[in-house]
There are 2 protein chains.
Amino acid sequence: MPISLPMADAPPPERADAARNRETILAAASRLVDELGVERVSMDAVAREAGVGKGTLFRRFHSREGLMAAVLDRSESAWQASVLSGPPPLGPGAPPYERLLAMGHSRLRLNVTHGALIKAATGSHGARSRAAASFAIMHLRHLLSELHVEGDLPLLAVALLAPLDIVVVEQQQADDVTLDRIEAAWDDLVRRVVGH
Amino acid sequence: MPISLPMADAPPPERADAARNRETILAAASRLVDELGVERVSMDAVAREAGVGKGTLFRRFHSREGLMAAVLDRSESAWQASVLSGPPPLGPGAPPYERLLAMGHSRLRLNVTHGALIKAATGSHGARSRAAASFAIMHLRHLLSELHVEGDLPLLAVALLAPLDIVVVEQQQADDVTLDRIEAAWDDLVRRVVGH
DNA sequence: AATGAAAGCGGACCACGGTCCGTTTTGTCC
DNA sequence: GGACAAAACGGACCGTGGTCCGCTTTCATT
(Lines give C-alpha, C1' and ligand atoms only; values in the text may rest on other atoms or scores of the structure.)
Protein backbone atom coordinates (compact mmCIF):
# COMPACT_ATOMS: atom_id res chain seq x y z
CA MET A 1 0.00 0.00 0.00
CA PRO A 2 1.48 3.33 -1.06
CA ILE A 3 1.94 5.80 1.74
CA SER A 4 -0.30 8.67 0.74
CA LEU A 5 -1.07 11.41 3.18
CA PRO A 6 -4.44 13.05 2.65
CA MET A 7 -2.65 15.86 0.87
CA ALA A 8 -4.27 17.11 -2.31
CA ASP A 9 -3.02 16.49 -5.82
CA ALA A 10 0.73 16.49 -5.36
CA PRO A 11 2.73 16.53 -8.59
CA PRO A 12 3.55 12.95 -9.62
CA PRO A 13 7.02 11.85 -8.47
CA GLU A 14 9.96 11.42 -10.81
CA ARG A 15 11.07 8.07 -12.12
CA ALA A 16 14.56 6.84 -11.28
CA ASP A 17 16.02 7.09 -14.77
CA ALA A 18 14.50 10.52 -15.20
CA ALA A 19 16.17 11.83 -12.05
CA ARG A 20 19.47 10.29 -13.05
CA ASN A 21 19.32 11.92 -16.45
CA ARG A 22 18.32 15.28 -15.05
CA GLU A 23 21.46 15.36 -12.99
CA THR A 24 23.65 14.17 -15.82
CA ILE A 25 22.25 16.79 -18.16
CA LEU A 26 22.63 19.64 -15.72
CA ALA A 27 26.20 18.66 -14.97
CA ALA A 28 27.04 18.41 -18.68
CA ALA A 29 25.40 21.74 -19.40
CA SER A 30 27.19 23.51 -16.56
CA ARG A 31 30.50 22.07 -17.69
CA LEU A 32 30.00 23.15 -21.28
CA VAL A 33 28.77 26.58 -20.32
CA ASP A 34 31.79 27.60 -18.36
CA GLU A 35 34.08 25.88 -20.79
CA LEU A 36 32.80 27.47 -23.99
CA GLY A 37 30.59 30.32 -22.83
CA VAL A 38 26.85 30.12 -22.94
CA GLU A 39 26.49 31.37 -26.53
CA ARG A 40 28.54 28.53 -27.95
CA VAL A 41 26.62 25.74 -26.24
CA SER A 42 24.05 24.05 -28.47
CA MET A 43 21.39 21.66 -27.30
CA ASP A 44 22.86 18.95 -29.52
CA ALA A 45 26.21 19.44 -27.83
CA VAL A 46 24.69 19.13 -24.37
CA ALA A 47 22.85 15.98 -25.41
CA ARG A 48 26.03 14.47 -26.81
CA GLU A 49 28.07 15.44 -23.75
CA ALA A 50 25.46 14.01 -21.42
CA GLY A 51 25.07 10.87 -23.53
CA VAL A 52 21.33 11.20 -23.91
CA GLY A 53 18.96 11.92 -26.77
CA LYS A 54 17.91 15.40 -27.65
CA GLY A 55 14.29 14.62 -26.90
CA THR A 56 15.23 13.98 -23.29
CA LEU A 57 16.64 17.46 -22.90
CA PHE A 58 13.48 19.03 -24.15
CA ARG A 59 11.14 16.86 -22.13
CA ARG A 60 12.97 17.80 -18.93
CA PHE A 61 13.63 21.47 -19.57
CA HIS A 62 11.11 22.41 -22.26
CA SER A 63 13.50 24.70 -24.14
CA ARG A 64 17.03 25.92 -24.27
CA GLU A 65 15.89 28.81 -22.17
CA GLY A 66 14.56 26.46 -19.54
CA LEU A 67 17.81 24.52 -19.42
CA MET A 68 19.84 27.67 -19.02
CA ALA A 69 17.49 28.85 -16.29
CA ALA A 70 18.15 25.60 -14.46
CA VAL A 71 21.90 26.10 -14.80
CA LEU A 72 21.56 29.68 -13.62
CA ASP A 73 19.53 28.73 -10.59
CA ARG A 74 22.60 27.31 -8.90
CA SER A 75 24.41 30.65 -8.75
CA GLU A 76 21.18 32.40 -7.97
CA SER A 77 20.53 30.32 -4.93
CA ALA A 78 24.04 31.00 -3.67
CA TRP A 79 23.22 34.69 -3.89
CA GLN A 80 19.90 34.17 -2.17
CA ALA A 81 21.69 32.38 0.63
CA SER A 82 24.07 35.26 1.18
CA VAL A 83 21.16 37.67 1.28
CA LEU A 84 19.24 35.54 3.77
CA SER A 85 22.08 34.48 6.02
CA GLY A 86 25.38 35.93 4.83
CA PRO A 87 27.43 38.64 6.51
CA PRO A 88 26.13 42.23 6.70
CA PRO A 89 25.48 44.59 5.10
CA LEU A 90 24.03 42.26 2.46
CA GLY A 91 22.89 39.70 4.98
CA PRO A 92 20.90 40.35 8.16
CA GLY A 93 22.41 42.48 10.90
CA ALA A 94 22.80 45.85 9.18
CA PRO A 95 20.13 48.56 9.20
CA PRO A 96 17.55 48.21 6.44
CA TYR A 97 18.69 51.19 4.41
CA GLU A 98 22.21 49.85 4.20
CA ARG A 99 20.98 46.41 3.33
CA LEU A 100 18.89 47.95 0.59
CA LEU A 101 21.86 49.71 -0.95
CA ALA A 102 24.07 46.67 -0.55
CA MET A 103 21.49 44.51 -2.27
CA GLY A 104 21.23 46.85 -5.23
CA HIS A 105 24.99 46.98 -5.67
CA SER A 106 25.34 43.25 -5.35
CA ARG A 107 22.49 42.63 -7.75
CA LEU A 108 23.97 45.02 -10.29
CA ARG A 109 27.36 43.33 -10.27
CA LEU A 110 25.81 39.89 -10.37
CA ASN A 111 23.67 40.84 -13.34
CA VAL A 112 26.77 41.96 -15.15
CA THR A 113 28.89 38.91 -14.43
CA HIS A 114 26.08 36.48 -15.19
CA GLY A 115 24.79 38.60 -18.02
CA ALA A 116 25.11 36.09 -20.80
CA LEU A 117 23.47 33.32 -18.82
CA ILE A 118 20.68 35.55 -17.60
CA LYS A 119 19.89 36.65 -21.12
CA ALA A 120 19.97 33.07 -22.35
CA ALA A 121 17.59 32.11 -19.56
CA THR A 122 15.26 35.04 -20.19
CA GLY A 123 13.59 34.37 -23.50
CA SER A 124 11.65 36.93 -25.44
CA HIS A 125 8.80 34.70 -24.37
CA GLY A 126 9.50 36.23 -20.98
CA ALA A 127 9.34 33.07 -18.92
CA ARG A 128 12.41 33.54 -16.82
CA SER A 129 12.80 31.26 -13.91
CA ARG A 130 9.99 32.70 -11.88
CA ALA A 131 11.51 32.10 -8.49
CA ALA A 132 14.87 33.66 -9.26
CA ALA A 133 13.48 37.02 -10.29
CA SER A 134 10.82 37.24 -7.64
CA PHE A 135 13.13 36.52 -4.75
CA ALA A 136 14.85 39.86 -5.18
CA ILE A 137 11.50 41.58 -5.48
CA MET A 138 10.16 39.98 -2.34
CA HIS A 139 13.23 40.82 -0.36
CA LEU A 140 13.31 44.39 -1.56
CA ARG A 141 9.67 44.77 -0.71
CA HIS A 142 10.39 43.52 2.76
CA LEU A 143 13.18 46.05 3.25
CA LEU A 144 10.96 48.86 2.03
CA SER A 145 8.31 47.97 4.54
CA GLU A 146 10.92 47.94 7.30
CA LEU A 147 11.78 51.47 6.24
CA HIS A 148 8.12 52.44 6.55
CA VAL A 149 7.82 53.39 2.91
CA GLU A 150 4.16 53.86 2.00
CA GLY A 151 2.51 52.92 -1.26
CA ASP A 152 2.25 49.99 -3.62
CA LEU A 153 5.35 48.23 -2.37
CA PRO A 154 5.33 45.27 -4.78
CA LEU A 155 5.31 47.55 -7.78
CA LEU A 156 7.72 49.99 -6.21
CA ALA A 157 10.13 47.12 -5.70
CA VAL A 158 9.85 46.14 -9.33
CA ALA A 159 10.44 49.72 -10.38
CA LEU A 160 13.61 49.93 -8.32
CA LEU A 161 14.96 46.67 -9.67
CA ALA A 162 14.13 47.38 -13.31
CA PRO A 163 17.00 49.79 -13.97
CA LEU A 164 19.47 47.16 -12.76
CA ASP A 165 18.32 44.70 -15.40
CA ILE A 166 21.17 43.40 -17.52
CA VAL A 167 19.60 44.59 -20.75
CA VAL A 168 19.27 48.14 -19.47
CA VAL A 169 22.75 48.10 -17.99
CA GLU A 170 24.35 46.84 -21.17
CA GLN A 171 22.59 49.52 -23.15
CA GLN A 172 24.19 52.10 -20.91
CA GLN A 173 27.59 50.47 -20.99
CA ALA A 174 27.43 50.76 -24.76
CA ASP A 175 27.13 54.50 -24.19
CA ASP A 176 30.30 54.46 -22.07
CA VAL A 177 28.50 54.75 -18.77
CA THR A 178 30.51 53.09 -16.02
CA LEU A 179 29.17 50.71 -13.43
CA ASP A 180 30.16 53.08 -10.67
CA ARG A 181 28.10 55.81 -12.21
CA ILE A 182 25.10 53.50 -12.56
CA GLU A 183 25.52 52.54 -8.96
CA ALA A 184 25.65 56.16 -7.82
CA ALA A 185 22.55 57.05 -9.83
CA TRP A 186 20.73 54.09 -8.32
CA ASP A 187 21.66 55.17 -4.82
CA ASP A 188 20.24 58.58 -5.63
CA LEU A 189 17.05 57.04 -6.95
CA VAL A 190 16.65 54.98 -3.80
CA ARG A 191 17.25 58.00 -1.62
CA ARG A 192 14.50 59.88 -3.40
CA VAL A 193 12.06 57.00 -3.20
CA VAL A 194 12.70 56.10 0.40
CA GLY A 195 12.90 59.74 1.48
CA HIS A 196 16.41 59.78 2.98
CA MET B 1 32.62 66.43 -61.65
CA PRO B 2 30.70 65.10 -58.69
CA ILE B 3 29.12 67.73 -56.51
CA SER B 4 30.81 67.23 -53.21
CA LEU B 5 30.55 69.77 -50.48
CA PRO B 6 33.59 69.92 -48.23
CA MET B 7 31.72 67.79 -45.71
CA ALA B 8 33.71 64.98 -44.14
CA ASP B 9 33.30 61.26 -44.86
CA ALA B 10 29.60 61.01 -45.59
CA PRO B 11 28.20 57.47 -45.77
CA PRO B 12 28.19 56.30 -49.39
CA PRO B 13 24.83 56.85 -51.11
CA GLU B 14 22.42 54.07 -51.98
CA ARG B 15 22.13 52.62 -55.43
CA ALA B 16 18.81 52.87 -57.24
CA ASP B 17 17.94 49.18 -57.15
CA ALA B 18 18.90 49.01 -53.50
CA ALA B 19 16.54 51.82 -52.58
CA ARG B 20 13.75 50.29 -54.62
CA ASN B 21 14.18 46.96 -52.89
CA ARG B 22 14.36 48.49 -49.44
CA GLU B 23 10.95 50.04 -49.94
CA THR B 24 9.47 46.88 -51.41
CA ILE B 25 10.77 44.80 -48.52
CA LEU B 26 9.53 47.16 -45.84
CA ALA B 27 6.11 47.32 -47.42
CA ALA B 28 5.91 43.53 -47.70
CA ALA B 29 7.06 43.07 -44.12
CA SER B 30 4.56 45.59 -42.76
CA ARG B 31 1.77 43.96 -44.70
CA LEU B 32 2.64 40.47 -43.44
CA VAL B 33 3.11 41.64 -39.89
CA ASP B 34 -0.32 43.11 -39.44
CA GLU B 35 -1.88 40.34 -41.46
CA LEU B 36 -0.41 37.38 -39.58
CA GLY B 37 1.09 38.85 -36.44
CA VAL B 38 4.78 39.34 -35.99
CA GLU B 39 5.48 35.87 -34.60
CA ARG B 40 4.20 34.13 -37.70
CA VAL B 41 6.27 36.12 -40.17
CA SER B 42 9.39 34.34 -41.35
CA MET B 43 12.20 35.90 -43.29
CA ASP B 44 11.59 33.49 -46.15
CA ALA B 45 7.98 34.62 -46.28
CA VAL B 46 8.98 38.28 -46.43
CA ALA B 47 11.45 37.54 -49.19
CA ARG B 48 8.84 35.64 -51.18
CA GLU B 49 6.22 38.35 -50.66
CA ALA B 50 8.64 41.06 -51.70
CA GLY B 51 9.88 39.03 -54.66
CA VAL B 52 13.54 39.27 -53.68
CA GLY B 53 16.14 36.81 -52.49
CA LYS B 54 16.71 36.11 -48.85
CA GLY B 55 20.25 37.42 -49.01
CA THR B 56 18.89 40.84 -49.93
CA LEU B 57 16.86 40.99 -46.75
CA PHE B 58 19.87 40.27 -44.62
CA ARG B 59 22.21 42.64 -46.43
CA ARG B 60 19.77 45.49 -45.92
CA PHE B 61 18.60 44.76 -42.38
CA HIS B 62 21.31 42.50 -40.97
CA SER B 63 18.89 40.28 -39.07
CA ARG B 64 15.27 39.57 -38.45
CA GLU B 65 15.56 41.83 -35.46
CA GLY B 66 16.84 44.64 -37.65
CA LEU B 67 13.99 44.25 -40.11
CA MET B 68 11.42 44.33 -37.34
CA ALA B 69 13.08 47.40 -35.88
CA ALA B 70 12.70 49.11 -39.24
CA VAL B 71 9.02 48.17 -39.37
CA LEU B 72 8.55 49.38 -35.83
CA ASP B 73 10.20 52.71 -36.52
CA ARG B 74 7.20 53.88 -38.48
CA SER B 75 4.83 53.73 -35.50
CA GLU B 76 7.55 55.05 -33.26
CA SER B 77 8.04 58.14 -35.32
CA ALA B 78 4.31 58.80 -35.25
CA TRP B 79 4.53 58.75 -31.48
CA GLN B 80 7.56 61.00 -31.53
CA ALA B 81 5.67 63.45 -33.66
CA SER B 82 2.79 63.62 -31.22
CA VAL B 83 5.21 64.22 -28.38
CA LEU B 84 7.03 66.95 -30.25
CA SER B 85 4.09 68.71 -31.81
CA GLY B 86 0.82 67.01 -30.88
CA PRO B 87 -1.89 68.35 -28.58
CA PRO B 88 -1.22 68.77 -24.84
CA PRO B 89 -0.72 67.30 -22.36
CA LEU B 90 1.49 64.93 -24.34
CA GLY B 91 2.60 67.59 -26.76
CA PRO B 92 3.92 71.03 -25.90
CA GLY B 93 1.67 73.51 -24.13
CA ALA B 94 1.01 71.76 -20.83
CA PRO B 95 3.15 72.26 -17.72
CA PRO B 96 6.18 69.94 -17.58
CA TYR B 97 4.92 67.76 -14.76
CA GLU B 98 1.73 66.98 -16.62
CA ARG B 99 3.64 66.31 -19.79
CA LEU B 100 5.85 63.96 -17.85
CA LEU B 101 2.93 61.95 -16.54
CA ALA B 102 1.23 61.97 -19.91
CA MET B 103 4.35 60.71 -21.56
CA GLY B 104 4.69 57.81 -19.13
CA HIS B 105 1.08 56.79 -19.59
CA SER B 106 1.30 57.03 -23.33
CA ARG B 107 4.55 55.11 -23.43
CA LEU B 108 3.14 52.38 -21.22
CA ARG B 109 0.10 51.85 -23.41
CA LEU B 110 2.19 51.98 -26.55
CA ASN B 111 4.59 49.39 -25.19
CA VAL B 112 1.68 47.10 -24.52
CA THR B 113 0.01 47.47 -27.89
CA HIS B 114 3.25 47.14 -29.82
CA GLY B 115 4.60 44.55 -27.41
CA ALA B 116 5.13 41.75 -29.88
CA LEU B 117 6.88 43.98 -32.39
CA ILE B 118 9.05 45.62 -29.78
CA LYS B 119 10.17 42.28 -28.45
CA ALA B 120 10.87 41.03 -31.96
CA ALA B 121 12.92 44.16 -32.59
CA THR B 122 14.79 43.92 -29.30
CA GLY B 123 17.02 40.92 -29.56
CA SER B 124 18.83 39.34 -26.67
CA HIS B 125 21.78 40.85 -28.48
CA GLY B 126 20.37 44.11 -27.15
CA ALA B 127 20.67 46.14 -30.33
CA ARG B 128 17.27 47.70 -30.40
CA SER B 129 16.79 50.50 -32.82
CA ARG B 130 18.98 52.97 -31.04
CA ALA B 131 17.07 56.10 -31.99
CA ALA B 132 13.66 54.82 -30.97
CA ALA B 133 14.65 54.04 -27.41
CA SER B 134 16.76 57.07 -26.85
CA PHE B 135 14.18 59.57 -28.03
CA ALA B 136 12.04 58.87 -25.00
CA ILE B 137 15.07 59.13 -22.76
CA MET B 138 16.12 62.44 -24.22
CA HIS B 139 12.68 63.91 -23.95
CA LEU B 140 12.21 62.72 -20.40
CA ARG B 141 15.57 64.15 -19.50
CA HIS B 142 14.51 67.46 -20.93
CA LEU B 143 11.30 67.51 -18.90
CA LEU B 144 13.20 66.67 -15.73
CA SER B 145 15.52 69.56 -16.27
CA GLU B 146 12.55 71.87 -16.81
CA LEU B 147 11.30 70.71 -13.43
CA HIS B 148 14.66 71.61 -11.90
CA VAL B 149 15.39 68.08 -10.80
CA GLU B 150 19.01 67.76 -9.71
CA GLY B 151 21.31 64.84 -10.27
CA ASP B 152 22.40 62.52 -13.05
CA LEU B 153 19.47 63.23 -15.33
CA PRO B 154 20.34 60.86 -18.16
CA LEU B 155 20.47 57.90 -15.82
CA LEU B 156 17.49 59.07 -13.85
CA ALA B 157 15.53 59.17 -17.08
CA VAL B 158 16.55 55.63 -17.88
CA ALA B 159 15.56 54.51 -14.42
CA LEU B 160 12.11 56.03 -14.78
CA LEU B 161 11.55 54.47 -18.15
CA ALA B 162 12.81 51.01 -17.22
CA PRO B 163 9.72 49.90 -15.28
CA LEU B 164 7.56 50.69 -18.31
CA ASP B 165 9.50 48.24 -20.47
CA ILE B 166 7.27 45.69 -22.13
CA VAL B 167 9.12 42.76 -20.60
CA VAL B 168 8.66 44.10 -17.09
CA VAL B 169 5.05 44.99 -17.73
CA GLU B 170 4.19 41.59 -19.14
CA GLN B 171 5.80 39.94 -16.15
CA GLN B 172 3.45 41.90 -13.94
CA GLN B 173 0.42 41.27 -16.10
CA ALA B 174 1.12 37.57 -15.66
CA ASP B 175 0.72 38.20 -11.93
CA ASP B 176 -2.70 39.77 -12.54
CA VAL B 177 -1.51 43.33 -12.09
CA THR B 178 -3.65 45.71 -14.11
CA LEU B 179 -2.35 48.48 -16.33
CA ASP B 180 -4.14 51.05 -14.24
CA ARG B 181 -2.32 49.87 -11.17
CA ILE B 182 1.01 50.00 -12.95
CA GLU B 183 0.19 53.50 -14.09
CA ALA B 184 -0.70 54.59 -10.57
CA ALA B 185 2.47 53.12 -9.14
CA TRP B 186 4.50 54.89 -11.81
CA ASP B 187 2.85 58.20 -11.01
CA ASP B 188 3.80 57.64 -7.39
CA LEU B 189 7.37 56.86 -8.36
CA VAL B 190 7.60 60.02 -10.44
CA ARG B 191 6.17 62.10 -7.61
CA ARG B 192 8.84 60.79 -5.26
CA VAL B 193 11.64 61.37 -7.72
CA VAL B 194 10.61 64.82 -8.83
CA GLY B 195 9.63 65.86 -5.31
CA HIS B 196 5.97 66.87 -5.92
C1' DA C 1 26.89 53.77 -76.88
C1' DA C 2 30.60 50.96 -75.01
C1' DT C 3 33.13 49.50 -71.04
C1' DG C 4 34.60 48.01 -66.67
C1' DA C 5 34.54 47.71 -61.79
C1' DA C 6 31.99 48.07 -57.67
C1' DA C 7 27.67 47.35 -55.50
C1' DG C 8 23.87 44.58 -55.27
C1' DC C 9 21.35 40.25 -55.91
C1' DG C 10 19.43 35.49 -55.07
C1' DG C 11 18.91 31.03 -53.65
C1' DA C 12 21.53 26.76 -52.31
C1' DC C 13 23.38 25.69 -48.09
C1' DC C 14 24.28 25.19 -42.97
C1' DA C 15 23.49 24.80 -37.86
C1' DC C 16 20.34 25.24 -34.50
C1' DG C 17 16.01 24.88 -31.67
C1' DG C 18 12.18 22.14 -31.32
C1' DT C 19 8.80 18.04 -32.40
C1' DC C 20 7.31 13.26 -33.17
C1' DC C 21 6.78 8.60 -32.59
C1' DG C 22 8.42 3.78 -32.48
C1' DT C 23 11.27 1.48 -28.88
C1' DT C 24 13.05 0.73 -24.13
C1' DT C 25 12.92 1.21 -19.17
C1' DT C 26 10.60 1.45 -14.84
C1' DG C 27 7.54 0.16 -11.28
C1' DT C 28 3.29 -2.15 -9.75
C1' DC C 29 0.16 -5.83 -9.06
C1' DC C 30 -0.59 -10.75 -9.01
C1' DG D 1 9.46 -13.36 -11.09
C1' DG D 2 6.14 -12.49 -14.93
C1' DA D 3 3.10 -9.48 -17.13
C1' DC D 4 1.39 -5.14 -18.26
C1' DA D 5 0.68 -0.07 -18.54
C1' DA D 6 2.76 4.19 -17.91
C1' DA D 7 6.59 6.90 -18.26
C1' DA D 8 10.78 8.00 -20.35
C1' DC D 9 14.02 7.61 -24.13
C1' DG D 10 16.54 8.77 -28.58
C1' DG D 11 17.40 10.26 -32.91
C1' DA D 12 15.34 11.14 -37.54
C1' DC D 13 13.01 15.00 -39.07
C1' DC D 14 11.29 19.91 -39.88
C1' DG D 15 11.23 25.02 -40.27
C1' DT D 16 13.87 28.98 -39.29
C1' DG D 17 17.55 32.48 -39.05
C1' DG D 18 21.76 33.46 -41.12
C1' DT D 19 25.91 32.87 -44.56
C1' DC D 20 28.24 32.40 -48.97
C1' DC D 21 29.55 33.08 -53.53
C1' DG D 22 28.88 33.06 -58.61
C1' DC D 23 25.95 36.06 -61.45
C1' DT D 24 23.56 40.55 -62.66
C1' DT D 25 22.69 45.46 -62.38
C1' DT D 26 24.07 50.06 -61.92
C1' DC D 27 26.60 54.06 -63.08
C1' DA D 28 30.77 56.90 -63.96
C1' DT D 29 33.85 57.63 -67.53
C1' DT D 30 34.96 57.98 -72.25
Side-chain angles (χ1 to χ4, degrees), chain A residues 1-4 10-26 28-29 32-33 36-71 116 119-125 127, chain B residues 1-4 10-26 28-29 32-33 36-71 116 119-125 127:
Chain A
M1 165 203 287
I3 308 171
S4 100
E14 196 173 44
R15 236 172 63 173
D17 51 348
R20 212 183 317 127
N21 275 338
R22 209 191 53 242
E23 278 312 304
T24 311
I25 291 169
L26 267 177
L32 286 181
V33 161
L36 306 176
V38 69
E39 328 264 40
R40 302 183 112 57
V41 175
S42 73
M43 294 301 265
D44 291 83
V46 174
R48 218 180 312 120
E49 175 88 6
V52 304
K54 212 182 182 183
T56 306
L57 262 65
F58 282 92
R59 185 165 330 90
R60 281 264 134 350
F61 300 100
H62 298 85
S63 64
R64 181 192 150 94
E65 198 179 312
L67 175 58
M68 294 311 176
V71 171
K119 284 193 297 184
T122 309
S124 42
H125 137 304
Chain B
M1 163 201 285
I3 309 170
S4 102
E14 198 174 43
R15 237 171 62 174
D17 51 349
R20 212 182 316 126
N21 274 339
R22 207 191 54 241
E23 278 312 304
T24 312
I25 291 169
L26 267 177
L32 287 180
V33 161
L36 305 176
V38 70
E39 328 264 40
R40 302 182 111 61
V41 175
S42 72
M43 294 301 267
D44 291 85
V46 174
R48 215 180 314 122
E49 175 89 4
V52 304
K54 212 185 184 181
T56 305
L57 262 64
F58 282 93
R59 181 160 340 86
R60 281 263 137 345
F61 300 101
H62 298 86
S63 64
R64 179 190 150 94
E65 198 177 313
L67 174 58
M68 293 312 174
V71 171
K119 283 193 298 183
T122 309
S124 42
H125 137 305

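All heavy atoms count here, side chains included; hydrogens, waters and symmetry mates do not. Note on naming: letters A, B, ... go to the chains in the order of the sequence lines (proteins, then strands), and numbering restarts at 1 for each one.
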Which part of the nucleic acid, if any, lies within contact of Arg20(B), taking any heavy atom under 4.0 Å across all strands shown: a base, the sugar-phosphate backbone alone, or nothing? sugar-phosphate
What residues form a side-chain contact (heavy atoms from CB on, under 4.5 Å) with Val38(B), not counting sequence neighbours? Val33(B), Arg64(B), Met68(B), Ala116(B), Leu117(B), Ala120(B)
Considering residues at least two apart in sequence or located in another chain, which fulfil the salt bridge (Lys or Arg N to Asp or Glu O under 4.0 Å) criterion with Arg48(B)? none
Rounded distance (Å) that lies between atom P of dG11(D) and atom CE of Met43(A): 16 Å
Note: contacts of residues 47-55 of chain A with DNA chain D (heavy atom, under 4.0 Å) are Val52(A), Gly53(A), Lys54(A), Gly55(A)
With sequence neighbours left out, which residue pairs that include part of residues 36-47 of chain A fulfil the side-chain hydrogen bond (donor to acceptor under 3.5 Å, both in side chains) condition? Asp44(A)-Lys54(A)
Restricting to nitrogen or oxygen on both sides, can you table the protein-nucleotides 21-23 of chain D pairs closer than 3.5 Å?
none

Side chain of Arg64(A) (C-beta onward), nearest among dC16(C), dT19(D), dG18(C): dG18(C)
Quick test of your reading of the model: are Glu23(A) and Arg60(A) salt-bridged, counting only N-O distances below 4.0 Å? no
Looking at Thr56(A), does any N or O in its side chain come under 4.0 Å of the phosphate oxygens OP1/OP2 on dG10(D)? yes
Check Ala70(B) against Leu26(B) and note the closest heavy-atom contact, atom names and distance. CB-CD2, 3.8 Å
Check whether any side-chain nitrogen or oxygen of Asn21(B) sits under 4.0 Å from OP1 or OP2 of dG8(C), and answer yes or no. no
Rounding to an integer number of Å, can you tell me how far Glu14(A) CD sits from dG27(C) P? 11 Å
Tell me: CG of Asp44(A) to P of dC16(C), nearest whole Å? 7 Å
Is any N or O donor-acceptor pair between the side chain of Arg15(B) and the base of dA7(C) shorter than 3.5 Å? yes
Using whole Å, report how far CZ of Phe61(A) lies from C1' of dG17(C). 16 Å
Separation of Glu39(A) atom CD from dG17(D) atom C1', in whole Å? 16 Å
Provide, to the nearest angstrom, the distance between the CZ atom belonging to Arg40(B) and the P atom belonging to dT16(D). 11 Å
Using 0.5 Å steps for rounding, measure from the CG atom of Asn21(B) to the CZ atom of Arg15(B). 10.5 Å
Have a look at Arg60(A) and say if it touches a base, only the backbone sugar-phosphate, or nothing, with a 4.0 Å heavy-atom cut-off. sugar-phosphate
Taking only residues two or more places apart in sequence, or in another chain, which ones meet Ala50(A) in a side-chain contact (heavy atoms from CB on, under 4.5 Å)? Thr24(A), Ile25(A), Ala28(A), Val52(A)
Sequence neighbours left out, what passes salt bridge (Lys or Arg N to Asp or Glu O under 4.0 Å) with Arg20(B)? Give chain and number order. none
Let me know the distance between CG of Leu57(B) and P of dG10(C), rounded to the nearest Å. 10 Å
What's the CZ-P distance between Phe58(B) and dG18(D), to the nearest Å? 5 Å
Can you name the side-chain contact (heavy atoms from CB on, under 4.5 Å) partners of Arg59(A), sequence neighbours left out? none
